[in-house]
Amino acid sequence: MNMTESLGYKQKPQKSKGRRIGLLLAKLIGGFIVVLALFFLTVYLVNVFGNKSDLKKIEAYGQQIEVDGKKMNVLIQGSGEETIVLLPGYGTAAPALDFEMLIKELSPNYTVVAVEPFGYGLSDKTDKERTSKNIASEIHEAVGQLNLDRYILMGHSISGIYALQYINDYPDEVTAFVGIDTSVPTQPGTDELMPFESLDLLTKSGFYRLLKSIGPDPYAGLSFDEHTVKQMKLLANVNENNATMLNEIQHSASNFRDARQLSFPAELPLLLFVVAHDQEVEGWIELHEEQIAGSSHGEMVALDGTHYLHHTKSKEIAQKLKDFMDQVQK
């Protein structure tokens, strides 16, 4: 027995160096988990309260019409004798505002009806499956509510697929189809499974809002006024990847497959504006050339620009459409 023990004291066992490092690591990991949890919670709450705040700032535009027991929003501009029914691409949060520059160029010669399908813009959401058949039927019901029986159908992106269904279902109403870099049934990659569950999680968690806030401004350098840009961003925050849009993604592959059984009528005037140097889809120009090959009044116009040609080439699109329809009518 040593002296300290004889006096009634016991020596504390010395902690090993490895144990001290282990405890330190545990504390660091625990602190990191707490910080990470607080970060996720903050992102989530910012999104929840941000959506509530954004909804209060959104201003009404256009008019609401009843379709399938719900409200669908449409914007009507111009007073020309001929009418254009304008349809958006997938995910366009506020179609009527997104088409603002194109509508401005078209409205001196046409009556332009910009339709916001369910899940888009100021229209209601719907639980009905987003098949091309259902989407075409709902748009047709909206057009019928406006007492339109003859019109040019114009669409962007995925609306090229829905337009095929629409024109085959209602062939006596559409006088021409105009595509703005529209999807083609035979384009590659359409059978791939879309990550709709990941998009849903990204949106509900708030990280989609976060990524947009730190990412590049999609409207930078465009001719939109500041107020319109603000409204489009507000609608993007509350609309993008909603349940109706996600259901549309789920039906994407089957909608493309079904469209391969359809074609535009040979006698239907067909004008396709296409991005001249698309880097994403192989053979983009050739795919559209094949689509107009069977048309007796078909023309493809390649334009320099991005997928949203109507953001930068509205004047060219409007003028070419007028010239094209004048030629067809002659």
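Because only heavy atoms are used, hydrogens play no part in the values below, and waters and symmetry mates are left out as well, while side chains stay in.
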Going by heavy atoms in the side chains, are [X] and [Y] under 4.5 Å from each other?
{"X": "His156", "Y": "Pro88", "answer": "no"}
{"X": "Glu141", "Y": "Met72", "answer": "no"}
{"X": "Thr244", "Y": "Arg130", "answer": "yes"}
{"X": "Ser159", "Y": "Met154", "answer": "no"}
{"X": "Phe118", "Y": "Lys71", "answer": "no"}
{"X": "Phe324", "Y": "Val328", "answer": "yes"}
{"X": "Leu87", "Y": "Val85", "answer": "yes"}
{"X": "Arg19", "Y": "Leu24", "answer": "no"}

Less than 4.0 Å between a side-chain N and a carboxylate O, is that true for [Y] and [X]?
{"X": "Asp326", "Y": "Lys322", "value": "yes"}
{"X": "Asp54", "Y": "Lys233", "value": "no"}
{"X": "Glu138", "Y": "Lys70", "value": "no"}
{"X": "Arg150", "Y": "Glu82", "value": "no"}

### Message
Run the side chain to side chain contact (heavy atoms under 4.5 Å, CB included) test on Val301 and Leu303 for me, step by step, so that the C-alpha distance in whole Å, both residues' side-chain angles and the decisive distance to 0.1 Å come before the verdict.
### Response
CA-CA 6 Å; Val301 180; Leu303 296 173; 4.0 Å; yes
State whether the side chain of [X] and the backbone N or O of [Y] hold a donor-acceptor pair below 3.5 Å, judged by distance alone.
{"X": "Asn241", "Y": "Thr203", "answer": "no"}
{"X": "Ser53", "Y": "Phe49", "answer": "no"}
{"X": "Thr175", "Y": "Tyr151", "answer": "yes"}
{"X": "Asn255", "Y": "Ser132", "answer": "yes"}
{"X": "Tyr90", "Y": "Met245", "answer": "yes"}
{"X": "Gln77", "Y": "Val113", "answer": "no"}
{"X": "Asn242", "Y": "Gly119", "answer": "yes"}
{"X": "Asp278", "Y": "Glu280", "answer": "yes"}
{"X": "Glu129", "Y": "Asn247", "answer": "no"}
{"X": "Thr111", "Y": "Gly80", "answer": "yes"}

On the 0 to 90° scale, with breaks at 30° and 60°, tag the [X]-[Y] ring pair as parallel, tilted or perpendicular.
{"X": "His311", "Y": "Phe224", "result": "perpendicular"}
{"X": "Phe177", "Y": "Phe264", "result": "parallel"}
{"X": "Phe99", "Y": "His310", "result": "tilted"}

### Query
Taking Glu116 as the fixed residue, which of Thr92, Asn73, Asn239 is the one that meets the side-chain hydrogen bond (donor to acceptor under 3.5 Å, both in side chains) rule?
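One option only clears the test, and that one is Asn73.
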Should we count [atom1] of [X] as having more than 12 external heavy atoms under 6.0 Å?
{"X": "Glu282", "atom1": "CD", "value": "no"}
{"X": "Glu226", "atom1": "CD", "value": "no"}
{"X": "Lys230", "atom1": "NZ", "value": "no"}
{"X": "Asp127", "atom1": "CG", "value": "no"}
{"X": "Lys104", "atom1": "NZ", "value": "no"}

### Summary
Tested for salt bridge (charged side-chain N to carboxylate O under 4.0 Å, His left out) against Glu240, the lone hit among Lys204, Arg209, Lys212 is Lys212
### Task
Among Leu86, Leu321, Leu270, Leu153, find the one that has a side chain to side chain contact (heavy atoms under 4.5 Å, CB included) with Val178.
Leu321
#### Entry: Residue pair Phe273, Glu316: steps toward the side chain to side chain contact (heavy atoms under 4.5 Å, CB included) verdict
CA-CA 10 Å; Phe273 295 98; Glu316 293 89 337; over 6 Å; no
### Task
Examine Tyr166 together with Tyr170 and report whether their ring centres are nearer than 6.0 Å.
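Distance test on ring centres: under 6.0 Å, yes.
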### Query
Does the side chain of Gln327 pick up a donor-acceptor pair with the side chain of His297 at under 3.5 Å?
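Note: Gln327 and His297 side chains miss the donor-acceptor criterion.
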#### Entry: Any donor-acceptor N or O pair under 3.5 Å, side chains His307, Ser157
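Looking only at side-chain atoms, Ser157 and His307 do form a donor-acceptor pair, the distance falling under 3.5 Å.
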### Task
Take Ser252 and Arg257 through the side-chain hydrogen bond (donor to acceptor under 3.5 Å, both in side chains) test and state the conclusion after the steps.
CA-CA 9 Å; Ser252 176; Arg257 282 196 301 271; over 6 Å; no
### Message
Walk me through whether Ile285 and Met300 qualify under side chain to side chain contact (heavy atoms under 4.5 Å, CB included).
### Response
CA-CA 9 Å; Ile285 294 289; Met300 190 199 72; 3.6 Å; yes
